[in-house]
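Scope of the values below: all heavy atoms of this structure, side chains included, with no hydrogens, waters or symmetry mates. This chain uses plain numbering: 1 for the first residue, then up along the sequence. Owing to the predicted nature of the structure, the values given are computational and were not obtained by experimental measurement.
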Amino acid sequence: MTKINAADKMVQVMADWGIKNVYGLPGDSVDTTVEALYRKRSEISFTQVRHEEVAALAAAAYGKLTGQVGVCLSIGGPGAIHLLNGLYDAKMDHAPVVAIVGQVATNVMNTGFFQEINTPALFKDVAVYNKLVTSPASLPRLMDEALRQAYTYKGVAVLTIPDDIPEHKITDDFVSSASNFHLETKSASLAEVDRALELLRHSKKPVVLLGKGAQNAGAEAKEFVEHYALPFIQTMPAKGIIADDHPNSLGQLGKLGTKPAFEAMANADLLILIGTDYPYTSYLNQKIPAIQIDGNANFIGHRHQVAAAIVADAKSALTLLNARGELVVNRPFLDACQQNMRVWRSWMNSVQNKSHEGVLPSKLFTTLSQQAPDNVVWAIDVGTATSFGARFLDVQPLQKYVISSWLGTMGCALPSALAAKQIWPRRPVYAVCGDGAFSMVMQDFVTAVKYKLPIVVIVLNNKMLSFIKYEQQAAGQQNYAIDLADIDYAKFAVACGGIGVNVKTDAEFATALKQFQSPKRPVLINAAVADEAPLPGKIVMDEAQGYLKFGWEYFKDKFQIPQMPPLKEIMRQFF
């Protein structure tokens, strides 16, 4: 029987499953695996990053954007620890990822050897599949199983491989299960659909909350809200499943949402949850019945009491709902919501016309939305970028929108942009980051340069942790430890071999964005942004009291009136 290196057989299994790229850094405990990837480089690329966290975040983004497994690799010890943040991002956003992690050789394991840590224990909470490889012959089978589990449970699979395992010769007789694997999608039953239609038929003020679970059913979801004249709210990761500027859209819900969405939820008499396990239950109207559509039965009734459940793929459920119910031509509740939304959009337009110095974030995002090509990929970081992206980017169905939605980790945008540009080389990719978030991973801008990935990175540079500033104020706390030392990020981009430009006005930003719509090299636009408050769509009483407490304590301490969000904006989003 033919013999083969265990590492080569493992990589062959990865190729069988269609793995196209691995993100990581080589090192002693994974060098044999890296050499096997070198021998398979015509089928599987290796993207060398400058920090393992970026490798894991890029792999997570790959999974979110494509639904296919993203793969990252690192040595054991410090490299493995660095992976954790990105792997938790994948876990919490249900992205399929496989992590290949090195370990010391088997003959020195459990002796407290250099860089030896208990990786199975380290990854216990983050992984749906977490195995220490103990024999060369089992390595290809365990990789096959890891890929299968990552797909099945939409989560993280980790293989810890001791240094000496991959180089052993094994019998070349393992056949992967890739060609026989498929995920089952549950079809909706007529009984479930008809029960939901009965509730919908008797409802006068229904509202839809649409989640990422409907990402493969955008056309059906659009038909559904139009057929039944339904106002709808999209969760943050679901932005663009139906166009954000659709007449029935109310934007997002919660602190980053809109006042019309808040008010529609409060006044609704039926909630229709589609493909979402929305965690902020205080923003859901718990006094009304709910219809819930989800392919995972574990999510049914998890956040809200459900009167009619459809345990099925969203596409299947919505197709039946659209076919079996009567067209609704007139719904006064929708008319009222649309009027509310027109007022909200006029408010948001007026926000962009206030007096300011520098680049106004709200205007910057509106300019981005207006100038962006139809097939752009948005990689949005955590912080004020998330807030203004939610409110001022009208994401379209042909576009892609990726964020760290459940972990909310700063530094996610640049790794996501790297992954997006490798997936779709011809699509424009914009990463929008605060200066705090970008500086956490900025070293990997050079990765975009090295691999000729002409992304556009926009840094919102206000020399502070702006989101945290207003978070502290809303909680009635004094601003402390939020100032950031300034960095000329444009010079940094040039030093990396990319293009860097500083912009200080709205007009300069618009010009730079137009100039670099189709760049040949990675571009960084360092925008000197105004300090604009990312106010909640609806300011609740606790937040209003927090702002008052902050203002009073500030005055007592400094005998000055603090700089706060414009009173006009606070008042209209409070009442």
Side-chain angles (χ1 to χ4, degrees), residues 13-24 43-47 49 54-73 86-87 89-100 128-129 143 146-157 178-179 181-185 211-219 235-241 275 295 313-315 374-380 395-407 412-431 447-448 451 453 455:
V13 169
M14 293 165 61
D16 288 348
W17 280 87
I19 301 302
K20 301 298 184 188
N21 190 73
V22 176
Y23 299 94
E43 294 181 53
I44 301 177
S45 300
F46 186 84
T47 302
V49 296
V54 170
L57 285 168
Y62 189 99
K64 294 179 202 181
L65 288 166
T66 66
Q68 299 169 7
V69 167
V71 181
C72 55
L73 171 148
L87 296 184
D89 179 60
K91 173 191 174 174
M92 297 179 74
D93 280 358
H94 307 290
V97 168
V98 167
I100 301 170
V128 298
Y129 184 81
M143 174 54 76
L147 287 157
R148 193 162 59 246
Q149 295 295 314
Y151 272 123
T152 300
Y153 295 105
K154 294 182 180 178
V156 176
S179 62
F181 179 82
H182 68 278
L183 290 172
E184 291 185 13
T185 55
K212 185 77 180 290
Q215 63 183 333
N216 295 323
T235 64
M236 190 72 70
K239 270 178 73 72
I241 289 179
D313 173 68
K315 191 180 189 77
D374 292 340
N375 64 340
V376 72
V377 181
W378 300 106
I380 307 298
V395 182
Q396 301 300 310
L398 293 178
Q399 299 174 354
K400 293 283 186 179
Y401 189 85
V402 62
I403 59 172
S404 176
S405 54
W406 280 70
L407 183 61
C412 62
L414 176 60
S416 297
L418 297 175
K421 197 63 179 178
Q422 288 180 314
I423 298 164
W424 300 295
R426 296 185 180 180
R427 293 182 70 162
V429 176
Y430 293 163
T447 302
Y451 291 99
L453 303 173
I455 60 176

Gln422 and Tyr23 side chains, donor-acceptor separation under 3.5 Å: yes
Which heavy-atom pair separates Gly67 from Pro96 by the least distance, and what is that distance? O-CG, 3.7 Å
Any Met14 side-chain heavy atom under 4.5 Å of Val69 side chain: no
Is the shortest heavy-atom distance from the side chain of Tyr62 to the side chain of Ile423 under 4.5 Å? yes
Side chain to side chain donor-acceptor pair (under 3.5 Å) involving Gln68 - partner list, sequence neighbours excluded: none
Rounded distance [0.5 Å steps], NZ in Lys64 versus CG in Asp93: 4.0 Å
Residue set satisfying side chain to side chain donor-acceptor pair (under 3.5 Å) with Lys212, at least two apart, ordered chain then number -> none
Minimum heavy-atom separation for Asp16 to Ala178, with atom names? O-CB, 3.5 Å
Quick one: list whatever passes side chain to side chain contact (heavy atoms under 4.5 Å, CB included) with Thr152, sequence neighbours left out. Arg148, Phe181, Leu183
Gap between atom CG of Asn21 and atom SG of Cys72 - 0.5 Å precision: 11.0 Å
Please name the pair of heavy atoms, one in Trp424 and one in Lys400, separated by the smallest distance, quoted to 0.1 Å. CH2-CE, 3.8 Å
Give the minimum heavy-atom separation between Asp89 and Ala60, together with the two atoms involved. OD2-CB, 3.7 Å
Would you mind reporting whether Val54 and Leu418 have side-chain heavy atoms less than 4.5 Å apart? yes
From Trp378 CH2 over to Ile380 CD1, what is the distance, rounded to the nearest 0.5 angstrom? 6.5 Å
Is there a side-chain contact between Met236 and Tyr401 in this structure, where contact means two heavy atoms from C-beta onward sitting under 4.5 Å apart? yes
Measure the shortest side-chain to side-chain distance between Val376 and Val395 over non-hydrogen atoms and say whether it is less than 4.5 angstrom. no
Without swapping roles, check the side chain of Asp313 against the backbone of Lys315 for a donor-acceptor pair under 3.5 Å. yes
Spacing of CG belonging to Asn375 relative to CD belonging to Gln396, to within rounding of 0.5 Å: 12.0 Å
Any side-chain heavy atom of Leu147 sitting closer than 4.5 Å to one from Val98? yes
Flag if over 12 foreign heavy atoms under 6.0 Å of OH, Tyr153: no
Go through the steps for Leu414 and Ile455 under the test side chain to side chain contact (heavy atoms under 4.5 Å, CB included), then give the verdict. CA-CA 9 Å; Leu414 176 60; Ile455 60 176; 3.8 Å; yes
Any side-chain heavy atom of Leu73 sitting closer than 4.5 Å to one from Phe46? yes
Output for pair (Asp374 CG, Arg427 CZ), nearest 0.5 Å, gives 10.0 Å
Between the OG1 atom in Thr47 and the CG atom in Leu453, the distance rounded to the nearest 0.5 Å is 7.5 Å
Check whether any side-chain heavy atom of Trp17 sits under 4.5 Å from a side-chain heavy atom of Met143, and report yes or no. no
Shortest non-hydrogen contact between Gly63 and Ala95, atoms and distance: C-CB, 4.1 Å
Taking all non-hydrogen atoms of both residues into account, name the closest pair between Ala56 and Gly86 and its distance. CB-CA, 3.6 Å
